[in-house]
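The block underneath contains the structure these notes are about, expressed in structure tokens.
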Amino acid sequence: MTDPILVLGGGPAGGAVALGLAKLGFTVAVVATPRPFRAMEGVSERVVEGLRNVGFRYALEALPSPTPRMASWNGTAATANTERLVDREQLDAGILQDLQAAGICVITGRVSKVEEHNHGFDVYLKGQSEPLTTPFLVEARGRSAPSASLPRKRGPETVSLLQYWQGAPIAPCSAAASFTEGWAWMAAGADGTRYLQLTFDVASKTLPEKSLLVAHCNQILLSLPQAQHFTQDAEPTGELHARTSTPILCEQAVGERWIRVGDAAMAVDPLSGNGIFQSLSSALQAPAVINTLINKPENAALAQQFYQQRVDHLFHRFARIGRDFYALEAQWPTQPFWQQRACWPDTAPLHQITDPSSIEVVMMPVVKGGFIELAEVVTTNDQPLGIWHLNGQPLAPIAKALAQRKSHESSEACFTRVLGMPAKAAAQWALWASQNGWVTE
């Protein structure tokens with residue numbers, strides 16, 4: 001491979017894929033486009049852990065300490081949670097530093113056109129006549145990535161309107177609050193900038209024409225008691241940025257010479273608070289998929305199956321998290337915004353109680369040695385994609401042993417008899433099997 005793998009997008013997903021590919025020995029180049037406007041994002045501790053596991057170092061330095069977050073939902077206020085309020089410009093700058101430190105070429109520019117040909121892709125940047133060429137393309141430009149005429153599943157059409165307010169510096173904090181037509185997310189930065197975002201249904205009859213949107217948003221914010229802390233002694237700047245918040249699943253997220261990661265593969269409703277986390281979830285698996293497509297083309301179909309199944313599974317998981325949270329808001333059950341979102345995407349439970357009779361050992365694709373290969377995994381009604389191993393212990397032998405358990409025999413004794421496990425290990429796995437619903441003693 002003479003030309004580098006080209007990653008379009010230098011956010012968490014694109015950066016994670018680039019670092020993963022570099023670790024596998026690939027030459028990688030990343031095209032990074034500056035953000036069109038300032039943005040702040042609240043992230044949880046599991047996002048911090050995800051960034052750390054990827055290998056980001058400078059990006060982690062952009063993360064401030066946790067700050068309090070208030071939630072006002074269904075008439076009840078709670079302040080038990082915290083989140084880290086991340087300036088996305090600083091986070092993205094840290095990601096690019098990490099990429100450069102890893103020897104990855106970072107190209108600043110905006111993509112104007114992508115053309116596919118027999119040997120890969122030509123990528124044209126605005127202001128440049130000569131294209132960048134690549135044998136494999138990673139699409140990581142988030143929601144702004146072109147649809148490329150790929151089939152998509154869409155949730156309720158949603159728009160978020162972000163406005164900045166400016167006031168005296170206050171202690172950083174954030175809040176989420178529901179109101180009749182949607183919900184608000186509000187954050188205060190240490191420099192006095194307030195980020196106030198309102199989320200509506202695109203077809204909302206209460207949304208006025210574009211020229212009146214700023215006044216409409218300000219009217220709502222000034223009427224929300226939860227927003228008072230953020231609007232007091234502050235003034236709106238007059239800027240308003242609209243962005244789609246519609247959940248979108250790309251039903252074909254991988255081909256033989258390309259892959260979509262992060263929000264370009266699936267974008268979830270921001271209410272779930274899992275934006276960066278879900279981006280990293282798909283990006284962590286992508287390098288092994290790409291490695292298989294390039295170096296083991298005989299397993300291409302397996303790699304594509306593996307990746308698409310996980311993208312689909314993650315999308316529906318996060319969609320159901322949002323659905324259940326929307327359903328908690330019962331003050332306006334007949335309002336279209338709440339009515340639609342409380343039952344989408346389906347009525348399936350987020351988690352199911354494991355049924356021991358559903359446990360099966362099957363061959364399914366897994367990540368093994370940097371490639372996608374078949375291995376014995378254990379599937380259950382709650383884990384349809386299967387579990388391969390846990391803490392270094394393959395789970396197929398555990399399931400097979402339980403299938404051979406004698407009447408009135410304990411799981412611990414079964415593991416010792418069938419697998420030859422030492423008593424301590426057998427006791428630990430017996431406890432795990434019981435806690436996870438694999439057995440009923």
#### Entry: Qualifying residue, where the test is salt bridge (charged side-chain N to carboxylate O under 4.0 Å, His left out) with Glu41 and the options are Arg88, Arg84, Arg35
Arg88

#### Entry: Under-4.0 Å salt bridge between Arg38 and Asp87
no

#### Entry: Lys/Arg-Asp/Glu bridge criterion (N-O < 4.0 Å) met for Lys153, Asp312
no

### Under 3.5 Å donor-acceptor, Arg417 side chain and Ala413 backbone
no

#### Entry: Whether Arg341 side chain and Phe325 backbone form a donor-acceptor pair below 3.5 Å
no

### Centroid separation Trp338 to Trp73 less than 6.0 Å
yes

### Nearest heavy atoms of Pro172 and Pro68, plus distance in Å
O-CD, 4.0 Å

### Task
For the pair Glu157 (side chain) and Val159 (backbone), establish whether a donor and an acceptor sit closer than 3.5 Å, ignoring hydrogens and angles.
no

### Query
Are side-chain N/O atoms of Tyr326 and Trp344 paired as donor and acceptor at under 3.5 Å?
no

### Query
Is there a donor-acceptor contact under 3.5 Å linking the side chains of Thr199 and Ser160?
yes

### Message
Walk me through whether Ser357 and Asp355 qualify under side-chain hydrogen bond (donor to acceptor under 3.5 Å, both in side chains).
### Response
CA-CA 5 Å; Ser357 66; Asp355 179 359; 2.8 Å; yes

### Residue pair Leu280 / Gly50: nearest heavy atoms and the distance that separates them
CD1-C, 3.8 Å

### Message
For Glu49, give me all partners under salt bridge (Lys or Arg N to Asp or Glu O under 4.0 Å), at least two apart in sequence or on another chain.
### Response
Arg52

## Note on the structure
All heavy atoms of Ala145 vs all of Arg260, minimum pair found to be CB-NH2, 3.7 Å

### Query
With no hydrogens and no angle check, is any side-chain donor or acceptor of Arg323 less than 3.5 Å from a backbone partner on Asp346?
yes

### Query
Of all residues at least two apart in sequence or in a different chain, which pass the ring pair (Phe, Tyr, Trp, His ring centres under 6.0 Å) check with Tyr195?
Tyr164

